[in-house]
Every structure is written in structure tokens, then in C-alpha cells.
Amino acid sequence: MRRILIAVRNNREVFADLFRAELPGHDVVTTEPDDETPTAYAVVGLPPPGLLASLHGLEVVLSLNAGVEYLLASGEVPDGVPLVRMVDPGLVAGMVEWVAARVLAWHRNLFDYAALQSEARWKPLPEKLAGERTVTVLGAGELGRPAAALLATIGFRTRIWSREPREIPGVTGFAGRDRLAAAVEGADVLVNLLPSTAATTDLIDQALLDRMAPGGLLVNGGRGATLVDRDVLAALDDGRLSAAALDVFRAEPLADGDPYWGHPRVFVTPHVAAISHARTSVAVMADTIRRHERGDPLLHVVDRARGY
Ligand code: NDP
Ligand code: OXD
């Protein structure tokens, strides 16, 4: 009976019951084992330091998160043990909805109308058609591709940027660092859905923001480390950006007193753009375990050299 350790932070018993239903022949535990039985599978979000290193017999580490920079930085996933990141239909749906909600709220002046209502002011604002706006999505992965596809379906002129060329109907693709500036040139909206890696750290800086059309929107659903925060705040203060919708931050939770909290043109959500729902994510992770035990290639294994 192979052991599955559920070491997620919240709702461990909910996850464990769903795993027991999916994989009845396995020993599903929710506390750190103190016996000699190997732990074949560890299901983790942000595990406490030392946990992964303390397990023996690990065959696969299953991340509840799509972004795995914390796990890679810990150095605790043993060499040779595959780390499988979360790719889950619930997570995809959440991110696509959150990105569309933020882009549409800005496009239809809903942030401004909320401010006008707080002053009881009846003031129609100039409107544009979606087809008159350009949106650039950074990251053409599991989340970036469907987000860009929906924005294009709504009617926005949509571009996407990735390392390797990716084709999405109705979306203009750009690939490679030397095409980043072209991807962002004249964009009204910049959406970040990149993973946090050495190559993406501080990528969205003053020089890149200056490529956008004046008065645009920045949407960050990827990771906080991709933004140079002082450059974002400066662009908001002088009107180069008219708003920023931020879900992720360099340090989370966002500290008391952080300038983002009080900025009238910053719209903060607490890393909830897409969450791993227990039901859908356990179905995906159980499928990974079945694949492993059948000897089929695993899907969504993190490339540690690339960092995602
Ligand atoms: P994927 O690994 O599927 O996609 C990553 C994309 O980024 C790929 O298109 C990849 O290019 C591109 N990319 C990576 N590095 C570079 C680079 N240096 N230059 C250009 N393109 C690059 O990830 P997901 O779409 O599943 O998730 C993206 C991120 O979203 C996660 O890593 C996580 O940080 C964040 N996230 C945030 C959540 C939230 O609630 N806010 C929830 C879930 C995820 P290529 O296609 O060429 O490989
Ligand atoms: C993430 C996630 O990577 O919640 O942010 O999956």
C-alpha cells in the first residue's frame, strides 16, 4: 500500500478524503510519518522547512500551486524526484475570470464610476470599443493562453509573449527576450502571467512600462517579483499608467503601510485570482499518481533548470 502524505496548509482532511475516494488502495495520511514506511507521494503547498527533506522513499512531489519558485528555492525536493506543478481546470477558470474581470472593469470605466459614486457624481466618461484597445499577455502557458483567447473573443486586439513561439487563433504571438518590447509597444493593457524565475525577476520596469500607450492598465496575476514596484508606483503617479490590478506581491501578505494599499489607482486582491479547488485539484493529482504507477510519462513536470 503506497503512502500519500497530504501536507497542504488548509483543509487537509478534505483533501485526504478526496484522495481516499480516488485511490482506495493507498494509505493517505495527514501527519508527518514517524515510522519506516516510505512516503511515495507528498502533496504540498508551502511545506514547513525540513518536511520534504525528512521524507524517505519519495517518488513524486505534487505541488498544489502552479507556481513552484518557493519549492525550488527551498532546495528540498530531492534530485531525481519529479516535481509536478498544478495544472487544473478550476485554476484555469479562476485565472481567466479574474483577468477578464479586471480588464473589463478598466475598459468600461468601472473603477472610475465606483470613485464617482462615492462622491455622488453623475458623470458619463468617454468609452471605447474593445477593438480599439490592445492587450498584451506575458506568458503563454496554461493560464496565459486561455486568458488571451478569451480577451481576443471579447474583441480586444490581443498579443501574447513567451519564450518559444505559441500559436493561438486570433492572437498575435511574440517570442523571446528580443521581441518583448515589440509585444508591449503601444499596448493599452499589460497582463502578467509569467512564472517567477531568474529571467522574469524585475522584467516589468520603467523601460517596459514606457512602451505602453499612456494611461494604460497593468494587471499582475503572475508573481510580484516580476514587477519593479517603485517603477509601477512612479508610472501610476505621473499618469503613464491609469490603474494597476495586483493579486500577487513580492512579500505576501502585503505589509501594513505598503504604498500599494493606499494608492487610489491600485486595486489589490489577496492572491486569490486562481485558487486550487480541492475537488478538481485532487482529481488531477490522483491522475498523476495513476500515470506514475502505470509507468506512463508524467504531465507538467517542472523543468528545474528553467525554473518553471
Ligand atoms: P506555464 O508554465 O504553463 O506557462 C508559463 C509561460 O511563461 C510559458 O508560456 C512560458 O514560455 C512563459 N515564460 C516563462 N519564462 C519566460 C521567459 N523568460 N520569457 C518569456 N516567456 C517566459 O505556467 P501557468 O500558465 O500555469 O502559470 C503561470 C504563473 O501564474 C505561475 O507560475 C504562477 O506564478 C502564477 N499563478 C498565480 C496564481 C494566482 O492566484 N495569482 C494562481 C496560479 C498561478 P514557453 O511557453 O515558451 O515555455
Ligand atoms: C499559485 C497558485 O501558483 O495558487 O499562485 O497555484
Side-chain angles (χ1 to χ4, degrees), residues 8-11 43-46 62-73 83-102 136-150 159-168 171 173-184 190-204 208 218-227 244-250 252-254 267-278 280-281 284-285 299-308:
V8 298
R9 279 202 181 161
N10 301 315
N11 304 322
V43 176
V44 294
L46 303 177
L62 299 119
S63 167
L64 191 60
N65 295 106
V68 290
E69 73 280 7
Y70 309 108
L71 281 172
L72 293 180
L83 167 61
V84 176
R85 65 187 202 89
M86 181 52 59
V87 175
D88 153 34
L91 203 66
V92 173
M95 186 58 83
V96 170
E97 290 167 3
W98 182 82
V99 169
R102 289 330 219 167
T136 297
V137 178
L138 304 182
E142 301 297 327
L143 303 178
R145 286 194 309 274
L150 178 62
R159 305 173 184 161
I160 203 155
W161 180 73
S162 49
R163 266 170 36 136
E164 303 294 331
R166 306 281 168 209
E167 296 218 347
I168 303 164
V171 175
F174 295 79
R177 187 66 191 240
D178 58 346
R179 298 290 288 147
L180 176 61
V184 177
L190 182 60
V191 178
N192 174 42
L193 291 176
L194 291 166
S196 180
T197 67
T200 63
T201 300
D202 294 336
L203 191 81
I204 301 181
L208 195 67
L218 173 66
V219 178
N220 191 12
R223 283 290 185 263
T226 302
L227 306 191
L246 309 177
D247 186 61
V248 283
F249 303 89
R250 259 169 209 265
E252 295 180 5
L254 190 59
F267 302 90
V268 169
T269 45
H271 199 144
V272 291
I275 56 169
S276 297
H277 294 271
T280 52
S281 59
V284 167
M285 291 187 281
L299 305 177
H300 312 304
V301 176
V302 172
D303 177 332
R304 298 199 203 185
R306 256 181 1 179
Y308 67 98

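Both ligands and their constituent atoms are indexed starting at 1 by order of listing. Keep in mind that this is a model prediction, so the values were computed, not measured.
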Under 4.0 Å from any heavy atom of A274, which atoms of ligand 2 are there?
4 (O)

L180 to L138 - nearest heavy-atom pair and separation:
CD1-CD2, 3.8 Å

Using a strict threshold of under 4.0 Å (side-chain N to carboxylate O), is an ion pair present between D202 and R250?
yes

For I275, is at least one N or O under 3.5 Å away from an N or O on ligand 1?
no

Which one holds for E69 and ligand 1: side chain close, backbone close, both close, or neither close, with close meaning a heavy atom under 4.0 Å?
neither

Identify the closest protein heavy atom to atom 4 (O) of ligand 2: which residue and atom is it, and at what distance?
N65 ND2, 3.2 Å

Do any nitrogen or oxygen atoms of L64 come within less than 3.5 Å of a nitrogen or oxygen of ligand 2?
no

Looking at V248, which atoms of ligand 1 are within less than 4.0 Å of one of its heavy atoms?
41 (N)

Atom 4 (O) of ligand 1: which protein heavy atom is closest, and how many Å away?
G141 CA, 3.1 Å

To check your reading of the model: name the closest protein heavy atom to atom 38 (C) of ligand 1, its residue, and the distance in Å.
M95 CE, 3.5 Å

Would you say G221 has any N or O atom under 3.5 Å from an N or O of ligand 1, going by distance alone?
yes

Please work out, at 4.0 Å between heavy atoms, whether the side chain, the backbone, both, or neither of V68 comes within that distance of ligand 1.
neither

Nearest to atom 5 (C) of ligand 1, what protein heavy atom do you find, and at what distance?
P195 CD, 3.7 Å

Polar contacts were defined as any N/O atom of the residue lying under 3.5 Å from an N/O atom of the ligand; does this apply to V272 and ligand 1?
no

In the protein, which heavy atom is nearest to atom 46 (O) of ligand 1, and how far is it?
R166 NE, 2.7 Å

Contacting atoms of ligand 1, where contact means under 4.0 angstrom from a heavy atom of A199
18 (N)

Those atoms of ligand 1 less than 4.0 Å from some heavy atom in A66
43 (C), 44 (C)

Apply the test side chain to side chain contact (heavy atoms under 4.5 Å, CB included) to residues V99 and L193: give CA-CA distance (whole Å), side-chain angles for both, the deciding distance (0.1 Å), then the verdict.
CA-CA 10 Å; V99 169; L193 291 176; 4.2 Å; yes

With a 4.0 Å cut-off on heavy atoms, is A273 in contact with ligand 2?
no

Ranked by distance from atom 17 (C) of ligand 1, the top protein heavy atom is R163 CG, 3.3 Å

For atom 10 (C) of ligand 1, what is the closest protein heavy atom, and at what distance to 0.1 Å?
Y308 OH, 3.5 Å

Report yes if some N/O of R223 lies less than 3.5 Å from some N/O of ligand 1; otherwise report no.
yes

Regarding ligand 1, does E164 bring an N or O atom to under 3.5 Å of one of the ligand's N or O atoms?
yes

Heavy atom of the protein closest to atom 6 (O) of ligand 2 (residue, atom name, distance)
A66 N, 2.8 Å

Applying a 4.0 Å heavy-atom criterion (strictly less than), which segment of M86 is in contact with ligand 2: side chain, backbone, both, or neither?
neither

To which protein heavy atom is atom 9 (O) of ligand 1 closest, and what is the distance rounded to 0.1 Å?
A140 N, 2.8 Å

Any heavy atom of R223 under 4.0 Å from ligand 2? The part involved is side chain

Please report which non-hydrogen protein atom sits nearest to atom 12 (C) of ligand 1, along with the residue it belongs to and the distance in Å to one decimal place.
L194 CD2, 3.8 Å

Partner of N192 under side-chain hydrogen bond (donor to acceptor under 3.5 Å, both in side chains), picked from N220, D247, T200, is N220

Would L91 count as being in polar contact with ligand 1, using the rule that some N or O on each side must be under 3.5 angstrom apart?
no

Out of all atoms in ligand 1, which are within 4.0 Å of some heavy atom of W161? Include the element for each.
19 (N), 20 (C), 21 (N)

If you measure every N/O of L91 against every N/O of ligand 2, is any gap under 3.5 Å?
no

Ligand 1 contacted by T197 (non-hydrogen, < 4.0 Å):
no

With nothing but distance in play, are any N or O atoms of H271 less than 3.5 Å from an N or O of ligand 2?
yes

At less than 4.0 angstrom from any non-hydrogen atom of R85, what atoms of ligand 1 do you find?
1 (P), 2 (O), 3 (O), 23 (O), 24 (P), 26 (O)

Which atoms of ligand 1 have any heavy atom of G139 under 4.0 Å away?
6 (C), 7 (O), 9 (O)

Give yes if a backbone or side-chain nitrogen or oxygen of D247 is under 3.5 Å from a nitrogen or oxygen of ligand 1, and no if not.
yes

Within the supplied structure, the quantity of interest is the number of heavy atoms (other residues, nucleotides, ligands) at a distance under 6.0 Å from R9 CZ; does it exceed 12?
no

